[in-house]
Amino acid sequence: MDDFAKKQAEAYDRMAFGYGIQKFAHNPAVPDLKIFRTYLSEQPLVLDIGCGVGSDAKYLAKAGCNVLGIDLSDAMIAEAQRRVGGVEFQKADFRETNFPDGTFDGIWCSTVFHHVQLKDQPDFIAKCHRFLKSGGAIYISTKRSGTTENSEGWVKEQFGAEAGGQGGIEIERFVKKLSDDAFKKLLESAGFEVVRFKIWGNKTWMDIFAKKR
């Protein structure tokens with residue numbers, strides 16, 4: 001991993017235990033996981049990029065998917081392995097991974113893509129397209145700029161703080177925000193057909209369900 005990835009991983013290493021408690025108490029991704037599953041065949045092979053503590057992978061495995069979860073963070077992978085059985089989890093930087101073309105039936109990438117630098121986006125999406133089988137499905141979500149412009153940079157925040165910002169631990173993460181059009185065009189230019197686009201999270205997030213053409 002390069003220095004960028006290491007810095008990002010350090011933040012999630014510090015968050016892992018508390019993040020696990022949050023995600024397994026209530027997983028807000030379940031409605032989208034249910035939709036994603038409808039786009040897949042029986043016993044599909046799914047790549048979970050930025051799997052975190054494994055809460056989404058657990059749902060997919062219970063829904064009949066074979067899942068490989070990858071994440072930058074040692075602590076997140078350790079939490080996933082501790083909490084979720086029947087799923088393979090590996091520490092990996094997706095930018096450095098290599099799978100044979102057409103390996104996966106589906107790719108799940110939830111609340112991860114906003115950590116990918118603007119310069120790395122085209123290669124990231126092209127790899128997703130290449131790794132999917134023809135007709136394969138992808139779910140991907142990211143932060144929304146709310147304007148026609150894109151932005152990126154390192155952001156300091158308090159994780160686990162009470163309302164009003166008290167307590168918690170200070171972390172620094174890289175955050176990118178895209179315009180709606182830039183997000184759609186990124187997928188379409190890589191050869192995906194966007195089948196569903198949604199804005200959510202008080203209009204600060206957006207996601208896409210797409211199929212490989």
Side-chain angles (χ1 to χ4, degrees), residues 1-2 4-5 7-9 11-12 15 19 23 27-29 31-33 35-36 39 46-57 60 67-73 76 91-97 99 104 106-132 136-147 149-155 157 171-212:
M1 291 194 299
D2 58 17
F4 172 84
K7 185 174 180 179
Q8 197 77 277
Y12 279 97
M15 293 166 57
Y19 196 69
K23 291 287 280 187
N27 186 355
D32 288 324
L33 284 161
I35 295 169
F36 180 67
Y39 295 129
V46 176
L47 177 64
D48 183 356
I49 302 173
C51 63
V53 294
S55 51
D56 296 352
L60 290 170
V67 186
L68 170 61
I70 61 172
D71 200 280
L72 292 172
S73 165
M76 287 284 184
K91 178 181 177 179
D93 182 341
F94 180 70
R95 298 172 304 165
E96 299 174 356
T97 59
F99 298 100
F104 299 98
I107 291 178
W108 176 262
C109 185
S110 177
T111 62
V112 172
F113 193 59
H114 63 292
H115 294 318
V116 177
Q117 293 171 288
L118 289 169
K119 68 180 182 65
D120 290 330
Q121 287 185 150
D123 285 345
F124 188 103
I125 298 300
K127 288 183 79 171
C128 289
H129 189 270
R130 192 168 73 249
F131 293 163
L132 277 173
I138 185 171
Y139 169 87
I140 186 165
S141 60
T142 195
K143 289 275 192 178
R144 180 174 181 259
S145 68
T147 71
E149 303 297 321
N150 304 320
S151 65
E152 62 181 353
W154 290 93
V155 177
E157 56 193 315
I171 57 171
E172 187 173 16
R173 295 184 288 180
F174 180 88
V175 175
K176 171 199 69 197
K177 297 180 181 180
L178 293 178
S179 71
D180 300 4
D181 285 344
F183 188 36
K184 294 174 190 175
K185 288 176 181 176
L186 189 65
L187 274 290
E188 290 168 344
S189 64
F192 285 104
E193 177 189 358
V194 174
V195 295
R196 187 170 182 267
F197 171 80
K198 179 174 92 274
I199 294 169
W200 55 281
N202 199 26
K203 298 184 178 181
T204 60
W205 287 89
M206 55 185 169
D207 61 38
I208 281 175
F209 292 84
K211 290 271 193 170
K212 178 178 178 175

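Computation of the quantities below employed the complete heavy-atom set of this structure, encompassing side-chain atoms and omitting hydrogens, waters and symmetry-equivalent molecules.
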Worked verdict on L118 versus L178 for side chain to side chain contact (heavy atoms under 4.5 Å, CB included) | CA-CA 9 Å; L118 289 169; L178 293 178; 3.7 Å; yes
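- Residues D93 and A5 approach most closely at OD2-CB, 3.6 Å, considering heavy atoms.
- Side chains of V155 and R173 form no contact here, defined as non-hydrogen atoms less than 4.5 Å apart.
- In this structure, CZ on F183 lies 12.0 Å from OG on S145, to the nearest 0.5 angstrom.
- Distance CG/L60 to CZ/F36: 6.5 Å, rounded to 0.5 Å.
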Would you sort out whether F94 and L47 count as a side chain to side chain contact (heavy atoms under 4.5 Å, CB included), showing the intermediate values?
-> CA-CA 10 Å; F94 180 70; L47 177 64; 3.9 Å; yes
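- A donor-acceptor contact shorter than 3.5 Å links the side chain of K127 to the backbone of T97.
- Taking each heavy atom of C109 and F124 in turn, the nearest pair found is SG-CZ, 4.1 Å.
- Remark: D32 engages R196 in a salt bridge, criterion side-chain N to carboxylate O under 4.0 Å.
- Atom NZ of K198 sits in a crowded spot, with more than 12 heavy atoms from other residues, nucleotides or ligands closer than 6.0 Å.
- By the side-chain hydrogen bond (donor to acceptor under 3.5 Å, both in side chains) test, D180 pairs with R144, sequence neighbours left out.
- Using modelled atom types, one side-chain atom of K211 and one backbone atom of Y39 make a donor-acceptor pair closer than 3.5 Å.
- Without hydrogens or angle criteria, K143 side chain to V175 main chain gives no donor-acceptor distance under 3.5 Å.
- Rounded to the nearest 0.5 angstrom, D71 CG and Q8 CD are separated by 10.0 Å.
- Ring geometry, W205 versus H114: the interplanar angle exceeds 60°, so the pair is classed perpendicular (tilted spans 30 to 60°).
- Side chain of K176 to main chain of V116: a donor-acceptor pair is present (N/O by atom type, distance under 3.5 Å, no hydrogens or angles).
- Checking side-chain atoms of S179 against main-chain N and O of N150 turns up no donor-acceptor pair under 3.5 Å.
- In this structure, L68 and F99 have side chains that are in contact, with non-hydrogen atoms separated by less than 4.5 Å.
- Remark: side-chain polar atoms of N202 are not paired, donor with acceptor, to backbone N or O of T204 under 3.5 angstrom.
- No donor-acceptor pair closer than 3.5 Å links the side chain of E172 to the backbone N or O of W154.
- Heavy-atom neighbours of K177 NZ from other residues, nucleotides or ligands within 6.0 Å: at or below the threshold of 12.
- Across every non-hydrogen atom of D48 and C51, the tightest pair is OD2-CB, 3.5 Å.
- Note that CD1 of I208 is 9.5 Å distant from OG1 of T142, once rounded to the nearest 0.5 Å.
- The CD1 atom of I49 sits 11.5 Å away from atom OG of S110, with the distance rounded to the nearest 0.5 Å.
- Only one option out of I138, D56, V67 pairs with W108 in a side-chain contact (heavy atoms from CB on, under 4.5 Å); it is D56.
- Closest approach of I107 to C128, counting heavy atoms only: CD1-O, 3.4 Å.
- Expressed to the nearest 0.5 Å, how far CE of M206 lies from CD1 of I140 amounts to 10.0 Å.
- Residues passing the side chain to side chain contact (heavy atoms under 4.5 Å, CB included) test with K212, sequence neighbours excluded: H129, L132, F192.
- Listed for the Q121 side chain is no donor-acceptor partner under 3.5 Å among the backbone atoms of L186.
- Considering only heavy atoms from C-beta on, M1 comes within 4.5 Å of K91 through its side chain.
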